[in-house]
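By convention here, the first residue in the shown sequence is residue 1. Keep in mind the model is a prediction, meaning the values are calculated, not measured.
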Amino acid sequence: AFDADLNRTMQIVRIYHTPAQGIPPSLSEDAQVNTALAAGDKVVVSFKPSIPATPAQESDFRRWCDSVKAAGYAADVWATVWHEPWAGNKFHNGAAFVAEYDAFASYAIGDGIGFGPIFNTYPYYHNRITLSQWMPATSAYTYIGIDTYAGDDPAGTWVNPLTVISPFSRLAKAAGKKFGIAEVGVPSADYGTPTTDASARRYLQDLDSVGASASWIMWFQCPKDTTCPLQPDITANSGALLPAWQNVFDSLTGR
């Protein structure tokens, strides 16, 4: 549906496994990821084990990684556990997160699958998070993922998103790693007038200047007929942002 709305074919898809889904013990038992890869998409996938994770979950993740590698898809997959770990009271401090995260990292990295933490920018700016306290060892991640939305920075709704993510992207580049914007969006309530439409389009167009350290940028689309936080919808307000996102897509994929 997103491709049809945008009149483009996405290259990477974001997949979220719920806690109830657990961790499929093989790619063949992971219908969402398997279907996307078979269709030619690359995948950024989140898993949500229990806290603390169980030995069975760690074993299932190891088997899942092995099967992704065996199927020849390792280079097309980036995985994470507990994306946005400081949101929703998942973890109360960075040491607890890193200890749980580390149990999974070696399996993915050992099989050539991208693996890293995915953080959201809103708590960083509003809750005084110290990013370094939440970072695993450099050897335990291949990328840093970032979720960011217009309005996350208290400096203003339309602060350049590349400025907003800069504490994270600078850290990745200093460590010689890639980064990716795993979610970006404009809350539908934040535009819809000529003035706000222009600001929202400019906010998205700022993504065009991202450097080569970025592996991917993905709009978060609230599925149709559902309710999501911030309710980002590329078709909202008569599709005011469609041309801007088409330009971003064409710019980044045309390099």
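A donor-acceptor pair shorter than 3.5 Å can be found between the side chains of Asn120 and Trp86. Judged by distance alone, the side chains of Thr196 and Ser199 never bring a donor and an acceptor atom under 3.5 Å apart. Checking Ser26 against Ser67 by side-chain atom types alone, no donor-acceptor pair falls below 3.5 Å. Side chains of Gln205 and Asp208: a donor-acceptor N/O pair is present below 3.5 angstrom, by distance only. Side-chain contact annotation: Gln11 with Asp41, donor-acceptor N/O pair under 3.5 Å absent.
Proximity of a side-chain donor or acceptor of Asn127 to a complementary backbone N or O of Ile129 within less than 3.5 Å is not detected. For the pair Gln246 (side chain) and Leu6 (backbone), a donor-acceptor distance under 3.5 Å is present. Proximity of a side-chain donor or acceptor of Tyr203 to a complementary backbone N or O of Pro161 within less than 3.5 Å is not detected. Proximity of a side-chain donor or acceptor of Thr253 to a complementary backbone N or O of Phe249 within less than 3.5 Å is detected. Between the side chain of Thr226 and the main chain of Pro223, a donor-acceptor pair closer than 3.5 Å is present. The closest donor-acceptor contact from the side chain of His126 to the backbone of Asp152 lies under 3.5 Å. Judged by distance alone, the side chain of Lys90 and the main-chain N or O of Glu84 form a donor-acceptor pair under 3.5 Å. With Ser59 contributing its side chain and Pro55 its backbone, the two residues share no donor-acceptor pair below 3.5 Å. Here the side chain of Asn237 pairs no donor or acceptor atom with the backbone of Ala240 at under 3.5 angstrom. In this structure a side-chain-to-backbone donor-acceptor pair under 3.5 Å is missing from Tyr107 to Asp60.
Taking the ring pair (Phe, Tyr, Trp, His ring centres under 6.0 Å) definition, one finds that Phe91 meets it with Trp82, Phe97, sequence neighbours left out.
The two residues Ser139 and Ile109 make their nearest non-hydrogen contact at O-CD1, 3.7 Å. Scanning all heavy atoms of the two residues, the minimum distance from Gln221 to Trp219 falls at OE1-NE1, 2.8 Å. Between Ile146 and Ser169 the shortest heavy-atom distance is CD1-N, 4.2 Å.
Looking at heavy atoms from C-beta onward, Pro49 lies in side-chain contact with Phe104 at the 4.5 angstrom threshold. Between Val98 and Met135 the shortest side-chain heavy-atom distance does not fall below 4.5 Å. For the pair Leu162/Val210, a side-chain contact is recorded, criterion being any heavy-atom separation below 4.5 Å from C-beta on. Contact of the Leu252 side chain with the Arg255 side chain is registered, since non-hydrogen atoms from C-beta on lie closer than 4.5 Å. Contact annotation: the side chain of Pro24 approaches that of His17 to within less than 4.5 Å [non-hydrogen atoms, C-beta and beyond]. The side-chain heavy atoms of Thr142 and Lys178, taken from C-beta on, include no pair separated by under 4.5 Å. Residues Val184 and Tyr149 are not in side-chain contact: their nearest non-hydrogen atoms beyond the backbone lie 4.5 Å or more apart. Inter-residue side-chain proximity for Pro117 and Tyr141 is flagged as met; some heavy-atom pair is nearer than 4.5 Å.
In this structure, NZ in Lys177 is found 6.0 Å from OG1 in Thr138, a value given to the nearest 0.5 Å. How far NE2 of His83 is from CD of Glu183: 5.5 Å, rounded to the nearest 0.5 Å. Interatomic distance, OG1 of Thr130 versus CG of Asn93, reported as 11.5 Å (0.5 Å rounding). Here the CD1-CD1 distance, from Ile118 to Ile181, works out to 12.0 Å after rounding to the nearest 0.5 Å. One distance of note links OG1 of Thr148 with CG of Leu207; it measures 9.0 Å at 0.5 Å rounding.
In this structure, Lys224 does not pair ionically with Asp233, as no charged nitrogen and carboxylate oxygen lie closer than 4.0 Å.
Both tests hold for Arg14 against Tyr16: distance to the six-membered ring centre under 6.0 Å, angle to the ring axis within 45°.
Note on ring orientation: taking the six-membered ring where Trp is involved, the planes of Trp78 and Trp216 are perpendicular (angle over 60°, cut-offs 30° and 60°).
Checking Val33, Val13, Thr80 one by one against Val45, the side chain to side chain contact (heavy atoms under 4.5 Å, CB included) holds for a single residue, Val33.
Connection of Phe115 to Tyr73 is established within a shared hydrophobic cluster, with ILVMFWY side chains joined at heavy-atom distances below 4.5 Å, either directly or through further cluster members. Ile12 and Leu37 are members of different hydrophobic clusters when ILVMFWY side chains are connected at heavy-atom separations under 4.5 Å.
Applying the ring pair (Phe, Tyr, Trp, His ring centres under 6.0 Å) test to residues at least two apart or on different chains, the pairs with a partner in residues 162-188 are Tyr124-Phe168.
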